[in-house]
S.K.: 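To start, I am sharing the structure in question, which I have written as structure tokens.
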There are 2 protein chains.
Amino acid sequence: MTTATERDEARIAARQAREDYNLFSRLPAIYAASRMQGQQFLQHGGGLSIVEWRTLWDLHEVGPMTIRDLATIQRADHSLLSRALPDMRRKGYVTMRRDEGDGRQTIVEIAPAGRAAYDRAAPVMARRRAALREVFSEEEIAVFVGFLDRFEDFLRRPVEQVLKEETAK
Amino acid sequence: MTTATERDEARIAARQAREDYNLFSRLPAIYAASRMQGQQFLQHGGGLSIVEWRTLWDLHEVGPMTIRDLATIQRADHSLLSRALPDMRRKGYVTMRRDEGDGRQTIVEIAPAGRAAYDRAAPVMARRRAALREVFSEEEIAVFVGFLDRFEDFLRRPVEQVLKEETAK
DNA sequence: AGATATTACGTGACAAGTCATATAATATCT
DNA sequence: AGATATTATATGACTTGTCACGTAATATCT
């Protein structure tokens with residue numbers, strides 16, 4: 001706690017250096033930078049949005065899927081896909097049909113225009129991934145992903161559980 | 001590339017497992033989970049939003065700052081703070097005054113109601129950070145932060161530079 | 001067979017980020 | 001002293017996430 005009444009550049013710099021080690025503080029900027037960079041790469045590869053790219057890539061690699069399947073692979077809420085897909089259908093990128101066996105489900109499939117858009121963006125995005133592998137070794141990525149797994153497990157613990165453990169101590 | 005015409009659960013599972021090792025794919029969900037969990041913690045600690053909490057914490061630790069200072073510490077665009085602060089002033093959390101020496105700058109200072117809101121949220125958020133230290137050792141956090149630093153450096157490289165390096169090869 | 005529970009998707013509402021642009025104030029240059 | 005360049009903030013517009021809720025279809029139970 002400070003009783004400082006005037007702006008103090010040294011304190012500002014110290015605060016920033018300290019927050020560099022706060023994982024919670026680091027994520028917003030890194031995530032935003034990743035998204036912005038991804039969007040810029042896609043601008044060079046045909047102009048797809050991040051969600052469009054991700055979805056076409058998934059459909060291209062896996063084949064037809066439900067909205068729930070896409071949400072599961074992308075670790076996102078189904079509403080994100082539910083909202084994006086009608087526009088993608090309008091652009092001719094995908095087809096959407098109700099599943100004959102289960103009327104609740106929608107089967108999404110890549111369409112020729114989507115395949116073309118995928119073909120245009122894929123080399124650019126592959127270059128991005130290759131460039132990252134010049135910065136991190138395969139072993140380092142494995143360790144990094146291990147940290148992310150553990151961090152995500154922590155983030156998904158119920159808040160009440162985390163707060164209750166303190167009371168038990 | 002697949003020519004699959006039917007939904008295939010094994011392919012879906014394989015795709016998801018593979019994307020687990022794609023750092024770009026991992027970030028959106030982890031960032032969103034961090035934010036949602038942070039909001040839930042704050043609900044237990046007085047109801048501040050994430051941006052409000054971060055800002056009050058910074059002002060409490062450092063003292064008066066400009067909007068640019070806050071944006072620098074939080075590694076965020078100045079517009080995020082510029083937008084949040086008038087509401088925080090309206091709630092009595094902060095005061096805002098033009099700098100006498102430089103009329104372009106706004107000096108933001110924590111106010112009594114902000115200090116009270118900070119005091120209520122701080123123990124809850126401290127518990128969150130303490131709980132994370134039970135999951136990661138200090139050494140592991142240092143390595144993790146090193147990876148994040150390198151990743152962020154990569155993410156901030158101009159796209160043209162990354163794409164040009166391929167051409168040079 | 002009918003009632004109840006569960007699941008899949010669509011939509012409302014919102015938070016939190018960014019980039020771009022405009023305005024005002026200051027710094028620098030000639 | 002005046003012109004030009006730079007900087008700080010405010011605002012427009014947008015993207016991408018989530019949670020909550022409603023509707024429709026299916027699964028399960030009695």
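Throughout, protein chains are lettered first and strands after them, A, B, ... in sequence-line order, and every chain is numbered starting at 1. All values below come from the heavy atoms of this structure, side chains included, with hydrogens, waters and symmetry mates left out.
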S.K.: Taking a pair as Watson-Crick (N1 to N3 plus N6-O4 or O6-N4) or G-U wobble (N1-O2 and O6-N3), both under 3.5 Å, which stems of 3 or more consecutive pairs involve DNA chain C?
M.R.: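 Listed by first number, the stems are C:1-30 with D:1-30.
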S.K.: For L80(B), does its backbone N or O pair with a side-chain atom of D77(B) as donor and acceptor, under 3.5 Å?
M.R.: no
S.K.: Please give me every residue in residues 63-82 of chain A whose heavy atoms get under 4.0 Å of an atom in DNA chain D, ordered by residue number.
M.R.: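 Within residues 63-82 of chain A, the residues near DNA chain D are R75(A), A76(A), D77(A), S79(A), L80(A).
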S.K.: Is it the case that the side chain of E140(B) and the backbone of F147(A) share a donor-acceptor pair, with hydrogens and angles ignored and the cut-off at 3.5 Å?
M.R.: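 It does not hold such a pair.
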S.K.: With a 4.0 angstrom cut-off to heavy atoms of chain B, pull out the first and last contacting nucleotide of DNA chain D, in 5'-to-3' order.
M.R.: dT6(D) to dT18(D)
S.K.: Does a donor on one side chain sit under 3.5 Å from an acceptor on the other, for D69(B) and T66(B)?
M.R.: yes
S.K.: For A71(B) and H78(B), work out which heavy atoms get closest and say how close.
M.R.: CB-CA, 3.8 Å
S.K.: Does any residue of residues 84-96 of chain A have a heavy atom under 4.0 Å from DNA chain D, and if so, which ones, in number order?
M.R.: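 Close to the strand, none.
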S.K.: Quick one: list whatever passes side chain to side chain contact (heavy atoms under 4.5 Å, CB included) with A33(B), sequence neighbours left out.
M.R.: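 Scan of A33(B) (side chain to side chain contact (heavy atoms under 4.5 Å, CB included), adjacent residues dropped) gives L155(A), R156(A).
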S.K.: For DNA chain C, find the residues of residues 22-53 of chain A with a heavy-atom distance under 4.0 Å and give them by number; none if there aren't any.
M.R.: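 P28(A), A32(A), M36(A), in order of number.
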S.K.: Output the rounded distance in Å from CZ (R98(B)) to P (dA25(C)).
M.R.: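 After rounding, the reported distance stands at 8 Å.
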S.K.: Using a cut-off of strictly less than 4.0 Å between a heavy atom of the residue and any atom of DNA chain D, enumerate the qualifying residues of residues 103-111 of chain B by number.
M.R.: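 Heavy-atom contacts with DNA chain D come from R104(B), Q105(B), T106(B).
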S.K.: How would you list, by chain and number, every residue that makes a side-chain hydrogen bond (donor to acceptor under 3.5 Å, both in side chains) with D153(A), sequence neighbours excluded?
M.R.: none
S.K.: Among K91(B), R83(B), R120(B), whose salt bridge (Lys or Arg N to Asp or Glu O under 4.0 Å) with E52(B) holds?
M.R.: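 Answer to the salt bridge (Lys or Arg N to Asp or Glu O under 4.0 Å) test with E52(B) among K91(B), R83(B), R120(B): K91(B).
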S.K.: Using the side chain to side chain contact (heavy atoms under 4.5 Å, CB included) criterion, which residues pair with R98(A)? Sequence neighbours excluded.
M.R.: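 Result, side chain to side chain contact (heavy atoms under 4.5 Å, CB included) vs R98(A): T106(A).
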S.K.: List in chain and number order the residues that pass side-chain hydrogen bond (donor to acceptor under 3.5 Å, both in side chains) with T72(B), two or more places apart in sequence or in another chain; answer none if no residue qualifies.
M.R.: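 Per chain and number, T72(B) pairs via side-chain hydrogen bond (donor to acceptor under 3.5 Å, both in side chains) with no residue.
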S.K.: With a sphere of 6.0 Å drawn around CZ of R18(A), does it hold more than 12 non-hydrogen atoms of other residues, nucleotides or ligands?
M.R.: no
S.K.: Please check this pair: side chain of R11(B) against backbone of E61(A), looking for a donor-acceptor N/O pair closer than 3.5 Å.
M.R.: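 At least one qualifying donor-acceptor pair exists.
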S.K.: For residues R26(B) and F144(A), determine if any side-chain heavy atom of one lies less than 4.5 Å from a side-chain heavy atom of the other.
M.R.: no
S.K.: Can you tell me how far P of dC9(C) sits from CG of D99(A), to the nearest Å?
M.R.: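 Interatomic distance, CG of D99(A) to P of dC9(C): 9 Å.
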S.K.: Aromatic rings F151(A) and F136(B): how do their planes relate, parallel, tilted or perpendicular, breaks at 30° and 60°?
M.R.: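 Perpendicular: the ring planes of F151(A) and F136(B) meet at over 60°.
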S.K.: Can you sort out the partners of E9(A) under salt bridge (charged side-chain N to carboxylate O under 4.0 Å, His left out), two or more places apart, ordered by chain and number?
M.R.: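 Once residues adjacent in sequence are excluded, the partners of E9(A) under the salt bridge (charged side-chain N to carboxylate O under 4.0 Å, His left out) criterion are R7(A).
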S.K.: Let me know, please, whether G101(B) or R83(B) comes out on the 5' side of the other along DNA chain C by nearest nucleotide.
M.R.: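 Per heavy-atom nearest nucleotide, the more 5' residue is R83(B).
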S.K.: Mark yes or no for whether R127(B), through its side chain, and V162(A), through its backbone, hold a donor-acceptor pair below 3.5 Å.
M.R.: yes
S.K.: Between E109(B) and R97(B) (side chain of the first, backbone of the second, donor and acceptor by atom type, cut-off under 3.5 Å), is there such a pair?
M.R.: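 Here the side-chain-to-backbone pair does not exist.
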S.K.: With sequence neighbours excluded, tell me which residues meet salt bridge (charged side-chain N to carboxylate O under 4.0 Å, His left out) with R157(A).
M.R.: E165(A)
S.K.: Is it the case that atom CD in E160(A) sees more than 12 heavy atoms from other parts of the structure closer than 6.0 Å?
M.R.: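 Buried by this count: over 12 neighbours within 6.0 Å.
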